[in-house]
Structure formats: structure tokens, C-alpha cells
Amino acid sequence: DTEVTQTPKHLVMGMTNKKSLKCEQHMGHRAMYWYKQKAKKPPELMFVYSYEKLSINESVPSRFSPECPNSSLLNLHLHALQPEDSALYLCASSQELAPDTQYFGPGTRLTVL
Amino acid sequence: AQSVSQHNHHVILSEAASLELGCNYSYGGTVNLFWYVQYPGQHLQLLLKYFSGDPLVKGIKGFEAEFIKSKFSFNLRKPSVQWSDTAEYFCAVNEKIKAAGNKLTFGGGTRVLVKP
């Protein structure tokens, strides 16, 4: 089973709202990732968690705040977003091996008004 | 930093035609290479991957890819496409960041439209 689940599927929020995206995997993977995908563009890495610790932050603005409560869960807290942050947000997980394979969730389609 | 380039942004072909999508990467060290597919309205799925060994790798749904180290290429092929192969295809290269995890860099993607 290589399933990564994400909720919600769609989210519409105003620029003053606070919301959270959730990601879950039960494959025993020790690395989890957040990617942002704009329309007709490839996914771009935002954050990497390795063994529940933030290991890579690709210079993401602080209005995006990741959290890894445990090895199966990954959250992305959103606050004071801009309309240009509207995108598909993808979560992925991997075993944290060398070499490694990432498996992706279906994404959350975010619209910021 | 690694970069991945896919030569074709859009490909249109008829069913039963052969498909080849080009992918070149910039990294000169040990590479782990992937092709992912994104069907309309669906999530990214792994088509195939190359880590080491036989440079010709076979994936799901009849796809294969050839790793040519001297050309820094990892081209995707399918001998006979079906309408259901309509999708966006992404080549990606993985870089292991010491003590920090893995970083996947994607090419720009190729939109493939198969006409019935």
C-alpha cells in the first residue's frame, strides 16, 4: 500500500483566515514533504521532515508553517496568505533510504481570495 | 543545484503511435531518476525509477526508460500509446542532502494528448 491521504481536497480562504492542511501516511515512512504546484507547472519543494524534524525549508515565507506531530502526520498551517499562494499543495512521504522513492498524496486545491 | 529539463512541453499523437519524451539533468554525481505521471484530476503516480544496474528500466502500463550516463539523459518511451495515456509526465531527479533528507527536483513537465 503506497497511500498518502490529504484533507481537505479543496479549501477556499480569505487573506485574514487561518487554516490548516493535513497529510497522513501509514506506510511507516520516516520522511514527509510539502510541495506547491501552480497550474501547468511542476511541483516545487517547500519543506522536508526527516524523523519528525524539519530538515529542509526552501526559503518558504513564514505565512506557511509546517508541523509534524508524529511520524504519520504532517500539517501545514496557513495564515495571512496572498492570492498568489493559490495552488495545489502536495504531500509526499518516503522511507528515508538511500536511494529513496517519494509517494504523493492527491493534494489540496487551495484558493485564496 | 540540480536542474532537469524536458524538451517537449506538449505532445499530440494518435492511438497506437510510439511515444518518446526527453529528459536531461545537470547533476554529475550519483543520480536517482524518476518518471511520474499525473492523469487529469489525479495525483502524481510513480511510473518508473532508476537507481543503478540495467540502464533500461521498465515501469507500469508498458512504459520504459533508458538511462544514458554520457548524455545525462533519462528518456521515457512507450511503443504504442492508448487514449488513457493522456496525462502530464514529469521527469525528476533525487538528491540526497546529507543529514537533511531527500530533495526531488522536477522537470517542467510534458503534456501528452492521445487522440482516439
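Residue numbers begin at 1 in each chain, while the letters A, B, ... track the order of the sequences.
Among the residues in residues 10-18 of chain A, none has a non-hydrogen atom closer than 4.5 angstrom to a non-hydrogen atom of chain B. Taking 4.5 Å as the heavy-atom cut-off, the residues of residues 34-43 of chain A that approach chain B are Tyr35(A), Gln37(A), Lys40(A), Lys41(A), Pro42(A), Pro43(A), ordered by number.
Taking 4.5 Å as the limit, some side-chain heavy atom of Phe104(A) sits within range of a side-chain heavy atom of Leu104(B). Looking at Leu45(A) and Phe106(B), their side chains never come closer than 4.5 Å, going by heavy atoms from C-beta outward. When side chains are defined from C-beta on, Lys49(B) counts as touching Thr101(A), because their heavy atoms get closer than 4.5 Å.
For the side-chain hydrogen bond (donor to acceptor under 3.5 Å, both in side chains) test, residues two or more places apart in sequence or in another chain that qualify with Arg63(A) are Asp85(A).
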Checklist line | Pair Asn102(B)-Gln102(A), side chain to side chain contact (heavy atoms under 4.5 Å, CB included): steps then yes or no | finding: CA-CA 9 Å; Asn102(B) 290 277; Gln102(A) 293 183 29; 4.3 Å; yes
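No single ILVMFWY cluster, assembled from side-chain heavy atoms under 4.5 Å apart, contains both Leu21(B) and Leu56(B). Val112(B) and Tyr39(B) fall within the same hydrophobic cluster, defined by Ile, Leu, Val, Met, Phe, Trp and Tyr side-chain heavy atoms under 4.5 Å apart, directly or through other members. There is no path of hydrophobic side-chain contacts, each under 4.5 Å, that joins Leu76(A) to Leu73(A). In the hydrophobic clustering of ILVMFWY residues, with side-chain heavy atoms under 4.5 Å counting as a link, Leu113(A) and Leu21(A) come out apart.
Here disulfide (SG to SG under 2.5 Å) pairs that include residues 35-113 of chain A, with residues two or more places apart or in two chains, are Cys23(A)-Cys91(A).
If you measure heavy-atom distances from Gln6(B) to chain A, you find no contacts under 4.5 Å at all. Neither the backbone nor the side chain of Leu54(A) comes within less than 4.5 Å of any heavy atom in chain B.
With chain B as partner, the option from Glu44(A), Glu58(A), Lys53(A), Arg109(A) having the largest number of non-hydrogen pairs under 4.5 angstrom is Glu58(A).
Between Lys103(B) atom NZ and Asp100(A) atom CG the span is 15.5 Å, to the nearest 0.5 Å.
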